[in-house]
Protein chains: 2
Amino acid sequence: MLNRTPDLDRLFHALADPTRRAMVERLSRGPAPVSELARPLPMSLPAAMQHLSVLEAAGLVRSEKVGRVRICAITPAALSQAEQWINARRIEWERRLDRLGDYLETLDAKGETDGQGE
Amino acid sequence: MLNRTPDLDRLFHALADPTRRAMVERLSRGPAPVSELARPLPMSLPAAMQHLSVLEAAGLVRSEKVGRVRICAITPAALSQAEQWINARRIEWERRLDRLGDYLETLDAKGETDGQGE
DNA sequence: CGTTCGGTTAAGCATGTGCTTTAGTAACAC
DNA sequence: GTGTTACTAAAGCACATGCTTAACCGAACG
């Protein structure tokens, strides 16, 4: 049921790098050419390109060549896929804590008890 | 402003592995001992333990020894940190598309024009 | 006591990742 | 045409990751 993870793998892996997150942050504010993405980074341009292709492989970024310049832009849908997975986990444990709450309430009828907390 | 990323690194990296996500999924439904987390996995127990320590290092999982058994549980707060980062990106590009929308509306007063699209 | 169970540590290895430098190619400027 | 700009492709290298097996430890059980 949960084996369809090839793109969540790529997605989270892409986001696990500060350089790549910086690129996504930059692109959230609008499209940019490769060289502009690379300029602030402490690495060579080929290295930046490699990060970029990881982002593209993850579906987070889309790019298109215009003349000799490659313009990059984010693909919002990909990010929301990651968000959905996280959300699904939260729903699960919230429901569980909810049931636990119910259970503790039934215990509450008899006295004070707790096994929860930071 | 965005250089405080040491734990987003660990967090996304931890989630980038299907084995580790499976563990988180399992733990979302309730605490479990190490051996129960490891049982369904196609790998040795030490390998599973290593994944587990990645999850702990990322702050996603907390564990405690009870007798000779180690009980593991998720730490919901960590997940929401990842969610927040994703959300922040969405807010940024939504605001940007919003401004673009405004801009296109002002153009609309004069006629039909577009520079945006797939 | 000794044995099994659950977990832990350590060493070793194959592969992957993140960078580098070097050497291109295509578009634009002159 | 030549030269510069912006990107791309390829090779190579240092280090990290993900797994293995073997050996070990303390808790529980007889």
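These values consider heavy atoms only, across backbone and side chains, with no hydrogens, waters or symmetry-generated copies. Just so it is clear: chains get the letters A, B, ... in the order the sequence lines come, proteins before strands, and each one is counted from 1.
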Where the side chain of [X] is concerned, which of [options] is the nearest nucleotide?
X       : options               : value
A/Met43 : C/dT20, C/dG7, D/dG18 : C/dT20
B/Val69 : C/dG18, C/dG6, D/dG18 : C/dG6
B/Ala47 : D/dA6, C/dT8, D/dT20  : D/dT20

Round to the nearest Å and state the distance from [X] atom [atom1] to [N] atom [atom2].
X       : N      : atom1 : atom2 : result
A/Leu52 : C/dT17 : CG    : C1'   : 17 Å
A/Leu45 : D/dT8  : CG    : C1'   : 9 Å
B/Leu55 : D/dG18 : CG    : P     : 11 Å
A/Leu41 : D/dC7  : CG    : P     : 13 Å
B/Arg39 : C/dC5  : CZ    : C1'   : 13 Å
B/Met23 : D/dG18 : CE    : P     : 12 Å
B/Lys65 : D/dG26 : NZ    : C1'   : 7 Å
A/Asp9  : C/dG16 : CG    : P     : 14 Å

Are [Y] and [X] co-members of a hydrophobic cluster defined by side-chain heavy atoms under 4.5 Å apart?
X       : Y       : result
B/Leu37 : B/Leu45 : yes
A/Ile71 : A/Val61 : no
B/Met43 : B/Met23 : yes

*Classify the nucleic acid contact of A/Arg20 as base, sugar-phosphate or nothing, counting any heavy atom under 4.0 Å across all strands shown.*
sugar-phosphate

*Using a 4.0 Å heavy-atom cut-off across all strands, classify B/Ser44 as base, sugar-phosphate, or nothing.*
base

*asked:* If we ignore hydrogens and angles and just use 3.5 Å, is the side chain of A/Arg62 paired with the main-chain N or O of A/Ala73 as donor and acceptor?
replied: no

*Can you tell me if B/Trp85 and A/Glu83 form a side-chain donor-acceptor pair at under 3.5 Å?*
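Looking only at side-chain atoms, A/Glu83 and B/Trp85 do not form any donor-acceptor pair under 3.5 Å.
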
*Given C/dG7, is OP1 or OP2 found less than 4.0 Å from the side-chain N or O atoms of B/Ser35?*
yes

_B/Ile71 or B/Gln50, whichever maps to the more 5' nucleotide of DNA chain C_ =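 In this pair, the answer is B/Ile71.
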
*Check step by step if side-chain contact (heavy atoms from CB on, under 4.5 Å) holds for B/Asp7 and B/Gln81.*
CA-CA 9 Å; B/Asp7 40 73; B/Gln81 224 188 316; 2.8 Å; yes

*Cation-pi check, A/Arg89 to A/Trp93: give yes when NZ or CZ is under 6.0 Å from the six-membered ring centre and within 45° of the ring axis, no otherwise.*
no

_Reading 5' to 3' through nucleotides 23-30 of chain C, protein heavy-atom contacts under 4.0 Å coded B for base, S for sugar-phosphate only, - for none_ = ----BS--

